[in-house]
Amino acid sequence: MVRPRVSAGGGMAALRYSLKKAREAGGFLKLWKRLRSKNACKTCALGMGGQKGGMVNEKGHFPEVCKKSIQAQAGDMQAPISEDYFRRTPITAMARLDSHGFEHLGRLAFPIVAEPGATHFRRASWEEAYAKTAEALKAAPPHEAFFYASGRASNEAAFLWQLVARAYGSPNVHNCSFYCHQASGVALNEVYGSGTASIVLEDLDRADLAFVIGANPASNHPRLMTKLVQLRRRGGVVIVVNPLKELGLVRFRVPSDVRSMLFGSTISDLYLQPRVGSDIALLKALLKGVLERNALDQRFLEERTSGWDAVRADVEATRWETLLEACGLARAEVDRCVELLCRAKAGIGLWAMGLTHHQHGVDNVLALANLWLARGWLGVEGAGLLPIRGHSNVQGVGSVGVAPTVKAAFAKRLEELYQITVPSEPGQDTFASMVAAQAGKIRVALCLGGNLYASNPDLKWAREALQKVPFSFSLTTKLNEGHVHGRGQTAFVVPVLARDEEAQPTTQESMFNYVRLSDGGKPAVAGEMRSEVEIVAELASRVLPKGRFDWQRLKSHTALREEIAKVVPGYEAIATIERTKAEFQIPGRTMHGKEFATKDGKAHFAVTPVPDTSLAPDEFRMMTLRSEGQFNTVVYDVEDLYRGNDRRDVVMMCAADAERLGLREGQRVLVASELAAMQVSVALVDIAPRSLAMYYPEANAIVPGALDARSKTPAFKNIRVKLRPVGAAR
Ligand SMILES: Nc1nc2c(c(=O)[nH]1)N[C@H]1C(S)=C(S)[C@@H](COP(=O)(O)OP(=O)(O)OC[C@H]3O[C@@H](n4cnc5c(=O)[nH]c(N)nc54)[C@H](O)[C@@H]3O)O[C@H]1N2
Ligand SMILES: Nc1nc2c(c(=O)[nH]1)N[C@H]1C(S)=C(S)[C@@H](COP(=O)(O)OP(=O)(O)OC[C@H]3O[C@@H](n4cnc5c(=O)[nH]c(N)nc54)[C@H](O)[C@@H]3O)O[C@H]1N2
Ligand SMILES: [Mo]
């Protein structure tokens, strides 16, 4: 195998790339200034930036460099799309653009609209956009509208979004979390009564074991890599569980660390490669090993947990052979892992989409939590569970109520303060809104950022569903495929300011439950872009009856923070953050005290059955994943440096499987799921047998819409497929 071209993740390749982007953005200094401004980073939810300045973490460490933030920043600094472009370019031509093509059109700088039967988008005035949207909302029954939000919006905009939706009467409020970490939230609520991380950033400095399962932080959360390198330097161990050997999780060069940059840092002490979708079997095998070695934290089990007996009985009754066969690992590998787990004093379990994107997503997380509880690694310093969140403010968006159900205390405050009725039955989740749209039961679709269309399984179905919606209204910084393929019959798309362009400060919440303040700044390019809050408040003032709300006041972020402080438990300190600049840890979530947030104060074990992982002889299990050069549906660069792919229409597989099928590197094949087939090239990588990987979002063309029943999250990483060479008979 010749690929990949580099020997470690990070390093010079990342730095060279950053300089190239700086040139595109109109100069290094200009980009540097934006990167260093006091705003929370726009990419992942690690929570860089804020009042300590850009590229600084919650503990004040600088510099924390990441390619992704540079891509996102440079992207927002692109020149605006001209009016002439829309006049010249029919929608049919725009529809041929790929994600990369849309991203490179530039910033959207004025509202646009496509009316029924129109051949082109045309420029619209803000007045027209507001008036027509208000008219559509007033004409629709509220439960036939949905309010989607991506995880980039500020707490202020997101809080207002759900308030307006609920005041209008629609419970269909949801965010990208349903396609992301929802399974983590559901599982963690069952385990300890709160849906977010049990640790704070400092705990990562105290742990002596990190267990990274189903995540690729080398590409998706590069700043976490510093923590892993430091943990190993202190004598701790890092275990990685991933069907695919991710180069950056084997070796990484941390750009801000001279020693690591020069010599490269080993990341994983042990790298286990179970088959795609078989983590429960592995996690149970590890628990069985811990049990057999008697490495349980007995006191913790007795005093602070419930449900252990049932889990113990279940694990004892499951045979080693069954578990090993399901995950495809050798007993010796599992034993080595058990040994490391038993030797460590304080472990942190970290995971992302590799665990949640399955029909058994909630069970995956519960199985990990069982292992952690058995070792006593919850609610104590230096140990715990950390779902590695996606979007930069996806956690805050959920905290401030952009969800179809809110906790009772939250609902009560909304009712008391604003005399609105929060229905006790939940509204639609994201997928349910898509199903309703397909059934012709959605009249108005409103999207606060994101790319709902391309994020969905079964793209053809998703396109049909969204195109049946009579009216859509999207707020965005740039155009994406969703604005064309996933547009309603009348579709308004309006331009917003990014958080570091806002005139008023905004706040964000990190994956460590830490709330940060972003100063805002000046727009990177000239245009009619408006603040998200201003747009939502203006729209609300035209739709909702006069008198109940002071929409003028609610255009002020300061006022919105005062409201958030009154409604959201734990968010009280947000009311004064602008004045005091005191960023804060949300109390009641990390549970370093005696009790957990469950009704009985205990942490709960749960029995997790091993899902059927069998495959027909000619079948594979395929996962969809992100490359180094993309942020979700936005593809910045086609090349995936770390996996050695210079194109995206590939299926990654191991050499042994390829040989068995008589396939070679670069050969064109059809990958067929029960839904559809896609033509791609074979790319040989180090991946578990019978496991395949393809790139998201393109592969959504063949991802069927099967969901995890409890989290309503599509099984984006567990698709049964067959392969055949192009041209071969069926
Ligand atoms: N550069 C960049 N950064 C990002 C994003 C981005 O697109 N680009 N997206 C942001 C968002 S919204 C999110 S949610 C996160 C996503 O962050 P991640 O979850 O890290 O991203 P993915 O690429 O979806 O998949 C992660 C890993 O899961 C592994 N995996 C897949 N299936 C399985 C399985 O069955 N078991 C196990 N053990 N592993 C499996 C894959 O091999 C892959 O290495 O990143 C955030 N940060
Ligand atoms: N097959 C498959 N499908 C998946 C996944 C997978 O791994 N595999 N991952 C899932 C996951 S984890 C997620 S989170 C979803 C992604 O779901 P989304 O959040 O809906 O999608 P993104 O691609 O992140 O949205 C990017 C768009 O947001 C807009 N945007 C960017 N910045 C701003 C801003 O500041 N304000 C506003 N208003 N708009 C902005 C731009 O239009 C940009 O194109 O996809 C899911 N779908
Ligand atoms: Mo995500």
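Both ligands and their constituent atoms are indexed starting at 1 by order of listing. Nothing fancy with the numbering, it's 1 onward along the sequence.
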**Q.** ligand 1 contact by H358, heavy-atom criterion under 4.0 angstrom
**A.** yes
What protein heavy atom sits nearest [atom], and how far off is it?
| atom | value |
| --- | --- |
| atom 35 (O) of ligand 1 | G277 N, 2.8 Å |
| atom 1 (N) of ligand 1 | K68 CD, 2.5 Å |
| atom 9 (N) of ligand 2 | R626 NH2, 3.2 Å |

For this session: Tell me, please: is R499 in heavy-atom contact with ligand 2, that is, under 4.0 Å?
Result: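 No.
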Exercise. Relative to the ring of F716, is the ring of Y179 parallel (under 30°), tilted (30 to 60°) or perpendicular (over 60°)?
Worked result: perpendicular
- Give a yes-or-no answer on whether the side chains of R107 and Q78 include a donor-acceptor pair shorter than 3.5 Å. no
Worksheet item: Does an N or O from S219, backbone or side chain, lie closer than 3.5 Å to an N or O of ligand 1?
Response: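 Among all N and O atoms of S219, at least one is under 3.5 Å from an N or O of ligand 1.
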Looking only at non-hydrogen atoms, the one of Y179, Y695, Y453, F102 nearest atom 10 (C) of ligand 2 is Y179
Q.
Show the atoms of ligand 2 that are less than 4.0 angstrom away from any heavy atom in V496.
A.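 Atoms satisfying the 4.0 Å criterion: 36 (N), 37 (C), 38 (N).
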Ligand 2 to T624, heavy atom cutoff 4.0 Å, flagged ligand atoms 1 (N), 2 (C), 6 (C), 8 (N)
Notebook entry, point to check: Does an N or O from T633, backbone or side chain, lie closer than 3.5 Å to an N or O of ligand 2?
Noted result: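 By distance alone, the answer is yes.
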Does this structure show an ion pair linking E103 with K478, if we count only N-O contacts that are shorter than 4.0 Å?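 Between K478 and E103 there is a salt bridge, with a charged N closer than 4.0 Å to a carboxylate O.
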Open item on the list: Here's one to test your reading of the geometry: is the NZ or CZ of R530 within 45 degrees of the ring axis of F110 and under 6.0 Å from its centre?
Closed with: no
